[in-house]
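For reference, the structure is listed below as C-alpha cells.
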Amino acid sequence: FAKAAEDEERSIRILTNALQNAGVAYADVSREIESTVAATQKKTAVSDTAQRRALTELVQVTGSYSKSMRFLMPTLDLAAAKHIDLDTAARAMGRAIIGDVSALARYGIEVKGAGAQVDVGTAILARFNGEAIDMSTNLDALEEAMGKVKGQAAANASEWGKLLIKWNEFKKSQRAF
C-alpha cells in the first residue's frame with residue numbers, strides 16, 4: 001500500500017514538472033486530469049499512475065497539455081489493441097501527434113497526408129475505438145467466471161472432503177473385523 005502511494009505521488013510530481021515545462025500549472029488542471037484518470041480507470045482498469053505516466057510522456061513529446069488530454073484515450077486503445085505497454089504506446093502516439101507517424105507504422109497504423117498530427121487520433125479511434133474498455137470488460141467477465149469456478153471448486157472440495165471422511169471411516173471399520 002505504501003509503495004502504491006509513493007508511486008502515485010511520484011507520478012504526480014513528474015507530471016507536474018512536464019506540465020510546467022509546457023507552460024501549464026498542475027494546480028490549474030489537476031481536477032480535470034484526476035477526474036479523467038479516475039473515470040478512465042473505472043472503464044479500463046488501467047491504473048491512475050500508469051495513465052499519469054502516459055500523460056506525462058504525451059506532454060513531454062508534444063509540449064501540449066490539451067493535445068495530450070485529447071489523445072489519452074486513443075493511446076490506451078492503442079496499447080490494448082496492440083498488446084504493448086502504455087508507456088510505449090504513449091511515446092508512439094506523442095511522436096505521431098507532432099507529425100512523426102513512423103512509430104505507428106511499426107504497429108500497422110497508417111496515417112497519411114500533411115495533417116498527419118490531426119489525423120492520428122481519428123486513425124486510432126477508427127481502428128481501435130474502445131479496445132481498452134473492451135479489454136477491461138473481458139477482464140471483468142473473466143474475474144466473474146473465476147469467482148464461479150472458485151466457488152464450484154470449494155463446493156467440490158467440500159464434497160471430496162466428506163467422501164474422504166467416509167472412506168477413512170469405512171477403512172477403520174474394515175480393520176476392526
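We count residues from 1, following the sequence as given.
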Any chance you could measure [X], atom [atom1], to [Y], atom [atom2], to the nearest 0.5 Å?
X	Y	atom1	atom2	value
L104	K82	CG	NZ	10.0 Å
T36	R52	OG1	CZ	11.5 Å
R13	E8	CZ	CD	12.0 Å
I14	E9	CD1	CD	11.0 Å
K43	L76	NZ	CG	10.5 Å
D87	R53	CG	CZ	4.5 Å

Requested in this report: Could you identify which residues cluster with L55, counting Ile, Leu, Val, Met, Phe, Trp and Tyr as linked when any side-chain heavy atoms lie under 4.5 Å apart, either directly or through a chain of such contacts?
Outcome: I12, L15, L19, V24, Y26, V29, I33, V37, V59, Y65, M69
Could you work out, with side-chain hydrogen bond (donor to acceptor under 3.5 Å, both in side chains) as the rule, every residue matching [X], not counting sequence neighbours?
X	answer
R10	D7
S66	S64
T40	none

Kindly list each side-chain donor-acceptor pair under 3.5 angstrom involving residues 88-103, sequence neighbours excluded, with atom names and distances?
from, atom 1, to, atom 2, distance (Å)
T88, OG1, D85, OD1, 2.7
T88, OG1, D85, OD2, 3.1
R95, NE, D100, OD2, 3.1
R95, NH2, D100, OD2, 2.1
D100, OD1, S102, N, 3.2
D100, OD1, S102, OG, 2.7

Query - For the student: nearest non-hydrogen atoms of A50 and L86, plus distance - result: O-CD2, 3.5 Å
**Report entry** Partner set under salt bridge (charged side-chain N to carboxylate O under 4.0 Å, His left out) for E32, not counting sequence neighbours
**Finding:** none
